[in-house]
Amino acid sequence: MGPDGAPGQAVPWRKVLWERQSFPDNYVDQRFLEELRRNEGIRQYRYWAVVKEAGFVGQQLSCVAIFITFWLYMEEGLLTPETLLWTSLLCALLGYGLHQALTSQTDSCSEPRTRLADLQSAAIFLSFTFGFSPVLKTLTESVSTDTVYAMSAVMLLAHLLSFPYSQPSPPGSLSLNAALFASVCLASRLPGALHTFAMLSCALLVFALWPCLLQRMRENAPCQFTGMCVGVCIGGVGGLGSQTLGGAVLLSLALVSVTLLCPLLLVWLQRHKDNIHGPWDEAEIHEDLSRFLH
């Protein structure tokens with residue numbers, strides 16, 4: 001009922017705009033709230049399902065921590081570039097084989113790329129990276145070390161914020177470019193050009209190829225995906241713990257917050273959601289208008 005109340009005319013009120021009626025402009029009848037709908041289309045989240053999806057965010061944090069751990073080891077001379085290169089090559093071959101094994105027959109028929117094309121792409125990237133390593137090594141010589149570290153931290157944060165967690169295969173251009181930019185900044189502070197080449201190759205493996213494999217595992221092997229996320233998180237905490245105890249503690253707190261506390265908060269807040277829908281909503285056009293777009 002409108003604020004002015006219903007007038008006493010015998011003519012019933014009609015919900016039309018093209019004729020003048022003896023009712024106030026803000027008048028509505030008793031049927032107005034009959035079309036009220038609450039929480040239409042709301043999703044009911046289950047806690048452990050949300051924790052499983054949040055594990056992808058946690059493992060990406062751990063990937064950044066693992067990359068930083070490799071850089072710290074190389075800067076201190078505890079890890080040689082040859083060892084990192086051979087390890088990266090072995091992990092790349094194992095990951096590529098696992099990716100091919102997880103790819104279904106339907107996906108294989110629809111993908112135009114072949115193993116030879118993948119090998120050519122990898123060879124081109126490694127050749128260009130190796131050739132430009134001396135240039136990348138001296139790219140930030142005129143920039144102070146503190147500025148380089150600050151830029152790297154900002155770029156890694158941008159990588160985490162812009163990473164397409166819902167569909168990370170392939171990673172978004174902004175996320176990948178930010179991670180590679182941070183990798184170049186950090187690699188330029190290493191002793192030699194071979195160190196820079198090894199660090200950039202490791203960055204490509206961690207930030208570009210690993211998300212593709214993990215997405216394939218999430219689609220075709222959910223149980224293995226969960227175990228892999230847990231293993232990466234443990235590796236990230238252990239790697240940082242071998243260098244700095246404070247960093248390992250901060251990473252552990254971040255992982256607990258992202259993977260356990262935030263899903264719990266989301267599920268709890270869903271109980272207090274109260275969305276209302278009714279005749280006051282904006283009109284939605286459901287007609288197929290694709291024929292007008294050609």
Would you name the heavy atoms of [X] and [Y] that are closest together and state the gap between them?
X: Leu240; Y: Gly247; value: CD1-O, 3.7 Å
X: Leu190; Y: Lys137; value: O-CE, 2.6 Å
X: Leu255; Y: Cys233; value: CD1-CB, 3.9 Å
X: Leu102; Y: Arg216; value: CB-CG, 3.5 Å
X: Ser252; Y: Val237; value: OG-CG1, 3.4 Å

Close side-chain approach of [X] and [Y], heavy atoms under 4.5 Å:
X: Tyr73; Y: Ser242; value: yes
X: Pro263; Y: Thr259; value: no
X: Leu139; Y: Val184; value: yes
X: Leu156; Y: Ile68; value: yes
X: Tyr165; Y: Glu53; value: no
X: Met74; Y: Pro81; value: yes
X: Phe207; Y: Ser175; value: no
X: Ser188; Y: Thr138; value: no

List the residues meeting salt bridge (Lys or Arg N to Asp or Glu O under 4.0 Å) with Glu76, not counting sequence neighbours, and say none if there are none. none
In a table with atom names and distances, give each donor-acceptor pair under 3.5 Å that connects a side chain of residues 222-230 to protein atoms at least two apart or in another chain.
{"from": "Thr226", "atom 1": "OG1", "to": "Pro222", "atom 2": "O", "distance (Å)": "3.2"}

Show which residues join Leu93 in its hydrophobic cluster (side-chain heavy-atom contacts under 4.5 Å, direct or indirect), or state none. Trp86, Leu89
If you link I, L, V, M, F, W and Y whenever their side-chain heavy atoms are under 4.5 Å apart, who else ends up in the same group as Leu94?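 Answer for Leu94: Leu90.
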Stepwise side-chain contact (heavy atoms from CB on, under 4.5 Å) test for Phe163 and Phe56: CA-CA 11 Å; Phe163 190 85; Phe56 202 98; 3.4 Å; yes
From [X] [atom1] over to [Y] [atom2], what is the distance, rounded to the nearest 0.5 angstrom?
X: Tyr149; Y: Arg189; atom1: OH; atom2: CZ; value: 7.0 Å
X: Leu265; Y: Leu260; atom1: CG; atom2: CG; value: 13.0 Å
X: Leu61; Y: Leu160; atom1: CG; atom2: CG; value: 5.5 Å
X: Ser88; Y: Leu200; atom1: OG; atom2: CG; value: 11.0 Å
X: Asn220; Y: Leu98; atom1: CG; atom2: CG; value: 10.0 Å

Donor-acceptor check, side chain of [X] to backbone of [Y], threshold 3.5 angstrom: yes or no?
X: Thr147; Y: Val143; value: no
X: Ser133; Y: Thr129; value: yes
X: Ser62; Y: Gly58; value: yes
X: Thr80; Y: Thr83; value: yes
X: Thr196; Y: Ala187; value: yes

Candidate list Leu204, Leu205, Val206, test side-chain contact (heavy atoms from CB on, under 4.5 Å), partner Cys202, passing option: Val206
Give every residue pair that meets the ring-ring contact (aromatic ring centres under 6.0 Å, His included) criterion with at least one member in residues 174-201, sequence neighbours excluded. Phe130-Phe197
Kindly state each residue pair satisfying ring-ring contact (aromatic ring centres under 6.0 Å, His included) with at least one member in residues 239-262, sequence neighbours excluded.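 Every candidate ring-ring contact (aromatic ring centres under 6.0 Å, His included) pair involving residues 239-262 fails, so no pair, neighbours aside, qualifies.
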Apply side-chain contact (heavy atoms from CB on, under 4.5 Å) to the pair Met155 and Leu186, showing each step before the final yes or no. CA-CA 11 Å; Met155 289 297 104; Leu186 292 176; over 6 Å; no
Would Tyr96 and Trp210 count as a close aromatic pair, with their ring centres under 6.0 Å? no
Could you walk me through whether Met217 and His99 pass the side-chain contact (heavy atoms from CB on, under 4.5 Å) test, one step at a time? CA-CA 8 Å; Met217 293 183 65; His99 186 276; over 6 Å; no
Counting neighbours of CZ on Phe132 that are heavy atoms of other residues, nucleotides or ligands and sit closer than 6.0 Å, is the number greater than 12? no
